[in-house]
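The block underneath contains the structure these notes are about, expressed in structure tokens.
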Amino acid sequence: MMPAIVLVLLLAGSAQGSKKHPLSWQEIDLPTTMDPLDAVSPVDFRVHALIYDQLYYADESEGFRSDIFKYSTVEPDGRLHAVLGPPVRWHDGQRLRAADICRSIERLKSATDSPLRNRHPILPTTCEVDEQKKGVFVAFAQHPLPDPRAVLAIPLMPTHLAEDHDLGSAPIGTGPMKATFDNHGWLFKAWDGSSRTVSIPAMRLVVEEDRAVQVRNLIKGTSDGVIGVPPKLLPDVREAGLTLRHFDQQSWWSLALNTQKEPLSDPAVRELLDRSLDREALREALITTDPDRDEQQCTLISGPFPRNSPRYNRGVPLPGGLPVATLPLGLRIAVPDSLDLPARAVLDALMASWRPFDATGAIVGPDADLNEFDIVVGTWSAADDLSALYHTPTAHRGLANVFGFSNKGVDRLFRELDGAVTDVEIHQLSRELHAMLADERTHLFLWELNWWSAWRPGIEHQLVSPGDYFSQLDQWTIP
């Protein structure tokens, strides 16, 4: 369990990060866990990028990079042969060994109910230690893969700890920052045993639930950074001379429909809801946009891929254009309290849009029985496995398919995607999936969010990564 504590902002005086003071950034909540297997929130992924290394990272310039391996090759039999680089140590001082790589992969494979599995639909079948070269051989059933490194963005997790060690509250990784919890919350200090050398000695996570207050704190100088800037405050950030950084959370919003019971078991009713939903009004009610600026935070979509992805089917039009007629469907809407946008505002906007359908709703926590509702608002990451949402529920697939949707054509496309080798095949099958899901309307697609963060001036070489944000922290410098 996470330590329970109420965090307050740093007190009067400058809290600006420097060689003497931790670089502080603000989030709307604490991480839910420090164990990568249980990570679910954007805060989790950002914080874990400081603590844990991944076997491989996607890199725009290099394709894929590893901070753990000094080189890797694909053997004639399709196995990936990867050899460890210079010595790396866990945050408890133990040396990283090749066997730890295989044990980390096995830990993920055995955690069948882990949310992290949604990000890894393809996992190695075997991992063997190469004692001679201090490396590993990793094999996959789906051979040949275009590039095995693409499916090895797996966090390196310790397996040498005592059985009663709670990784969720006492993390041990090999990443550039070692995390400790003190009276002010989570503190991250540079770890000299990491493969990534960082020039920032320490960082502090500060919790402030109101994003507008976060921006005011940043402007006043009591904090160094804000991860999510509300769109309407972007002009204030620019006027204050702060540095804006765009980052792609690769996430999109949709409304999951309970097709297992009336009235949403009727495809005609689902089409009515989809075409009558005023997405523009909903977007304007929740996300202030400025057509004269480039810093937009919302792009409407018609399917389950980011709009700039080659997997997105541009032939599927955005729904809409149907006048709303009064039809007392008695819809019940559930809005999780963990959304990036205020849950109450989301619920109010949806009920206003569907008032002719006699829509009501509730804000729900993680333990709510969603089957009591007709519609559930949700977000999904493009990094996660789509089959978790749309495949017929089985022991290993459809784990996030809350209403038990089942379609043989959709399942077939996922099987074909599993066996696809070339980018052309993957893109074509994905566009077919996009069209089929848009036609089924088990989810009504809303938008993808385009996020902007803000930092005080003086932080140089500030590269941010999609999704986990801090994986290129070794490039950052401060005076």
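Heavy-atom basis, side chains included; hydrogens, waters and symmetry copies ignored. Quantities reported herein were computed from a predicted structural model and do not represent experimental measurements. Position 1 is the first residue of the sequence, and the numbers go up from there.
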Do the charged groups of [X] and [Y] touch, with an N to O distance under 4.0 Å?
X	Y	answer
K133	D130	no
D348	R344	yes
R196	D67	yes
R103	E106	no
R332	D374	no
D182	R204	yes
R397	D418	yes
R216	D210	no

Ring of F64, cation from R149 - is the NZ or CZ under 6.0 Å from the centre and inside 45° of the axis?
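The answer is no, since R149 fails at least one limit relative to F64.
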Can we call the ring centroids of W476 and F470 under 6.0 Å apart?
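Yes.
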So, for F69 and Y56, is the gap between ring centers shorter than 6.0 Å?
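Under 6.0 Å, so yes.
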Which class fits the ring pair F445 and H443: parallel under 30°, tilted 30 to 60°, perpendicular over 60°?
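Aromatic pair F445/H443 classed parallel.
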In terms of the angle between their ring planes, are F305 and H434 parallel, tilted or perpendicular, with boundaries placed at 30° and 60°?
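Tilted: the ring planes of F305 and H434 meet at 30° to 60°.
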Atom NZ of K189 with >12 non-hydrogen neighbours under 6.0 angstrom:
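Open: at most 12 neighbouring heavy atoms sit under 6.0 Å from NZ of K189.
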Looking at E209, I'd like to know if its CD atom is crowded, meaning that more than 12 non-hydrogen atoms belonging to other residues, nucleotides or ligands lie closer than 6.0 Å.
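No - once you tally the heavy atoms of other residues, nucleotides and ligands closer than 6.0 Å, there are 12 at most.
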In the structure I gave you, are the side-chain heavy atoms of [X] and [Y] within less than 4.5 Å of one another anywhere?
X	Y	answer
V129	C102	yes
P393	L399	no
Q475	E460	no
S254	L446	no
F414	L433	yes
D468	Q54	yes
Y469	I227	yes
W186	V47	no

Taking all heavy atoms of V88 and all of S195, pick out the closest pair and write down the distance.
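Closest approach of V88 to S195, heavy atoms only: CG2-CB, 3.8 Å.
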For Y52 against L156, the heavy-atom pair lying closest together:
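Taking Y52 first and L156 second, the nearest heavy atoms are CD2-O, 3.5 Å.
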Once you round to the nearest 0.5 Å, how far does CG of L187 lie from CE of M177?
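L187 atom CG to M177 atom CE measures 9.0 Å (nearest 0.5 Å).
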State which residues pass ring pair (Phe, Tyr, Trp, His ring centres under 6.0 Å) with [X]; sequence neighbours excluded, sorted by chain then number.
X	result
F373	none
F137	H81
H160	W90

Consider only side-chain N and O atoms of S465 and Q472, and report whether a donor and an acceptor are under 3.5 Å apart.
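Present: a donor and an acceptor within the cut-off.
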Side-chain donor-acceptor pair under 3.5 Å between E208 and N217, yes or no?
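Note: E208 and N217 side chains miss the donor-acceptor criterion.
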Test log, rule side chain to side chain donor-acceptor pair (under 3.5 Å), inputs R89 and Q94:
CA-CA 5 Å; R89 295 192 178 277; Q94 295 291 317; over 6 Å; no
So among T477, T243, I200, L23, which one has a side-chain contact (heavy atoms from CB on, under 4.5 Å) with I459?
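Considering T477, T243, I200, L23, a side-chain contact (heavy atoms from CB on, under 4.5 Å) with I459 is found only for L23.
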